[in-house]
Amino acid sequence: MSTATASYPIGTPGQPWGPAEVAEWRSRQVRHRSYEQEVLSQIQRLGERYELVRYGELDYGDDGRFPLFALKSRNWDEALPTMLVTGGVHGYETSGVHGALLFLDQDAGAYAGRINLLVAPCVSPWAYERIHRWNPEAIDPNRSFREGSPAQESAALWALATPLRERTAMHIDLHETTDTDETEFRPALAARDGKPCKPGEIPDGFYLVGDSADPQPAFQQAIIAEVEKVTHIAPADANGEIIGSPLVAHGVINYPVSPLGLCAGITRARYRTTTEVYPDSPRATPEQCNQAQAAAVRAAIDYALAHG
């Protein structure tokens, strides 16, 4: 779908934001849902089956403190391959969070004794509550995964993953592309950076973002094949692209993940990808979106196990 964008209500066109504009932006963010009730309650319940790892806490003053949790295999065995699943790097991308939790609940038990599993289901809880892409400092965590990150969320996950960086076999990062990417988040980004905002097109359907430095096309297609059993795959636009990048295979585009500071680049896993579910499609329900994320995780693990 194509979406026209309007000028953003904060800042002066052509001028990057300073502290005053960031403060104004933050003052407009409204809490819509509860991380504690919707996410932590499920994490704690799953803690009966997995080892609960508290890997940090975000302190955002009047907005609250947010403990960060991951779940890992209870019987961790260094001889087994390690699989990393991350969700909620962008807090508004709901199925990334609940798809990871669904996988833990319905699927992960089948891999016990075969893999070491580490799942961080909600990397950005402040943004989850406000249904937003950025953190309170107007920083995109998914452009901030690097040493000395300016985003607390990214820095905490980076520290969690560092001991596993060379030993991870597969990393799948669960995301969504939504209509609000075009109506809110891209205009906000352009305003924040003092740049013009050009209207784009939101693809209708699921797609993957591989690493252009090591794309692993067979791995990507194995995931697409499983997800296609749950929901539809996004076609290319009239230019043969998805969100401005060339379609390299059915439902797949590539980004340079490490140079961009994307979450998918936090390890040196041979197999890594970013999922993109489209929850605003009239052809997909919230449950389908969650199931699509879980299917992607299963397919990614199965492929990594089968191909060493």
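Please read all numbers here as calculations on a predicted model, not as lab measurements. By convention here, the first residue in the shown sequence is residue 1.
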Q) For Q216 and R270, what are the C-alpha separation, side-chain angles and deciding distance, and is it a side-chain contact (heavy atoms from CB on, under 4.5 Å)? A) CA-CA 8 Å; Q216 297 293 333; R270 180 179 183 186; 3.9 Å; yes
Q: Please report the C-alpha distance between L164 and L118 in whole Å, then the side-chain angles of each, then the deciding distance to 0.1 Å, and finally whether the side-chain contact (heavy atoms from CB on, under 4.5 Å) criterion is met.
A: CA-CA 10 Å; L164 304 173; L118 179 63; 3.6 Å; yes
Q: Using the side-chain hydrogen bond (donor to acceptor under 3.5 Å, both in side chains) rule, take S124 and E153 through it: C-alpha gap first, then chi angles, then the decisive distance, then the call.
A: CA-CA 6 Å; S124 297; E153 298 83 355; 4.9 Å; no
Q: Take T168 and R268, measure what side-chain contact (heavy atoms from CB on, under 4.5 Å) needs, and give me the verdict at the end.
A: CA-CA 7 Å; T168 300; R268 303 195 197 281; over 6 Å; no
Q: Could you go through the side-chain hydrogen bond (donor to acceptor under 3.5 Å, both in side chains) check for R146 and S149 one step at a time?
A: CA-CA 5 Å; R146 58 182 180 273; S149 174; 5.7 Å; no
Q: Apply side-chain contact (heavy atoms from CB on, under 4.5 Å) to the pair Q293 and H98, showing each step before the final yes or no.
A: CA-CA 9 Å; Q293 300 280 25; H98 293 285; over 6 Å; no
Using distance only, find each side-chain donor-acceptor pair of residues 47-54 under 3.5 Å and give its atom names and separation, not counting sequence neighbours.
{"from": "R49", "atom 1": "NH1", "to": "D105", "atom 2": "O", "distance (Å)": "3.1"}
{"from": "R49", "atom 1": "NH2", "to": "D105", "atom 2": "OD1", "distance (Å)": "2.3"}
{"from": "Y50", "atom 1": "OH", "to": "L104", "atom 2": "O", "distance (Å)": "2.6"}
{"from": "R54", "atom 1": "NH2", "to": "E57", "atom 2": "OE2", "distance (Å)": "2.6"}

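Between R133 and E93 there is a side-chain heavy-atom pair separated by less than 4.5 Å. Contact of the P203 side chain with the T177 side chain is registered, since non-hydrogen atoms from C-beta on lie closer than 4.5 Å. Taking 4.5 Å as the limit, some side-chain heavy atom of I224 sits within range of a side-chain heavy atom of L208. Looking at Q106 and Q291, their side chains come closer than 4.5 Å, going by heavy atoms from C-beta outward. Within the 4.5 Å cutoff, the side chain of T274 has no heavy atoms near those of the C263 side chain. The shortest distance between side-chain heavy atoms of M83 and L305 falls below 4.5 Å. Side-chain contact between R114 and L80: absent, with no pair of heavy atoms (C-beta onward) separated by less than 4.5 Å. Under the 4.5 Å side-chain criterion, counting only non-hydrogen atoms from C-beta, V248 is not in contact with P215.
In terms of modelled atom types and a separation under 3.5 Å, the side chain of Q288 and the main chain of V230 share a donor-acceptor contact. For the pair D211 (side chain) and A213 (backbone), a donor-acceptor distance under 3.5 Å is present. Side chain of E226 to backbone of A295: no donor-acceptor contact under 3.5 angstrom is found. Proximity of a side-chain donor or acceptor of D280 to a complementary backbone N or O of D179 within less than 3.5 Å is detected. Between the side chain of D59 and the backbone N or O of G61 there is at least one donor-acceptor pair closer than 3.5 Å. The closest donor-acceptor contact from the side chain of D77 to the backbone of A79 lies under 3.5 Å. With Q42 contributing its side chain and L101 its backbone, the two residues share no donor-acceptor pair below 3.5 Å. Remark: side-chain polar atoms of D237 are paired, donor with acceptor, to backbone N or O of E241 under 3.5 angstrom. Judged purely by atom type and a 3.5 angstrom limit, S212 has no side-chain atom pairing as donor or acceptor with the backbone of N254. Using a distance-only test at 3.5 Å, with no hydrogens or angles considered, no donor-acceptor pair links the side chain of Y271 to the main chain of Q220.
Linking Ile, Leu, Val, Met, Phe, Trp and Tyr residues whenever their side-chain heavy atoms come within less than 4.5 Å leaves L117 and L102 in two separate clusters. Taking hydrophobic clusters as Ile, Leu, Val, Met, Phe, Trp and Tyr residues chained together by side-chain heavy-atom distances below 4.5 Å, F185 does not share a cluster with I139.
Applying the under-4.5 Å side-chain rule to Ile, Leu, Val, Met, Phe, Trp and Tyr, the cluster around Y207 extends to V209, I242, I243, L247, I253, Y255, V257, L260, L262.
The structure places CD1 of I266 at 7.5 Å from CG of D173, a figure rounded to the nearest 0.5 Å. Between the OG1 atom in T94 and the CD1 atom in I131 there is a gap of 6.5 Å [rounded to 0.5 Å]. Here T82 contributes atom OG1 and R167 contributes atom CZ; the two are 6.0 Å apart, rounded to the nearest 0.5 Å. To the nearest 0.5 Å, the span separating CG on D204 from CD1 on I233 amounts to 11.0 Å. With values rounded to the nearest 0.5 angstrom, E21 atom CD is found 15.5 Å from R26 atom CZ. Here CZ of R186 is found 10.0 Å from OG1 of T180. Values are rounded to the nearest 0.5 Å.
A cation-pi arrangement, defined by a distance under 6.0 Å to the six-membered ring centre and an angle within 45 degrees of its axis, is absent between R130 and Y92. Within the cation-pi definition used here (under 6.0 Å to the ring centroid, within 45° of the axis), R192 qualifies as a partner of W134.
Residue L174 comes nearest to G99 through the heavy atom pair CD1-C, 4.4 Å, listed as atom of the first residue, atom of the second, then distance. The two atoms that bring S154 and S144 nearest to each other are CB-O, 3.4 Å, heavy atoms only. Closest of all the heavy-atom pairs between A218 and Y303 is CB-OH, 3.2 Å. H232 and S281 get closest at one heavy-atom pair: CE1-OG, 3.2 Å. Heavy atoms only, all atoms of each residue included: N116 and N75 are closest at OD1-O, 4.3 Å. Heavy atoms only, all atoms of each residue included: L68 and C122 are closest at CD2-O, 4.2 Å.
Taking Q15 as the reference, T12 meet the side chain to side chain contact (heavy atoms under 4.5 Å, CB included) condition, with sequence neighbours excluded.
For Q37, the CD atom sits in a loose shell: 12 or fewer heavy atoms of surrounding residues, nucleotides or ligands are nearer than 6.0 Å. Heavy atoms from other residues, nucleotides or ligands lying under 6.0 Å from CG of N239 number more than 12. Open room surrounds CD on E36; 12 or fewer heavy atoms of other groups in view lie less than 6.0 Å from it.
Residues F219 and H307 place their aromatic rings such that the two centres sit no closer than 6.0 Å. In this structure, Y278 has its ring center no closer than 6.0 Å to that of F206.
Classification of the W17-W25 ring pair by plane angle, with boundaries at 30° and 60°, yields tilted. Taking the six-membered ring where tryptophan is involved, the planes of H175 and H90 are perpendicular, since the angle between them exceeds 60° and thus also 30°.
Salt-bridge annotation for D63 and R31: absent, with no side-chain N of the basic residue lying under 4.0 Å from a carboxylate O of the acidic one.
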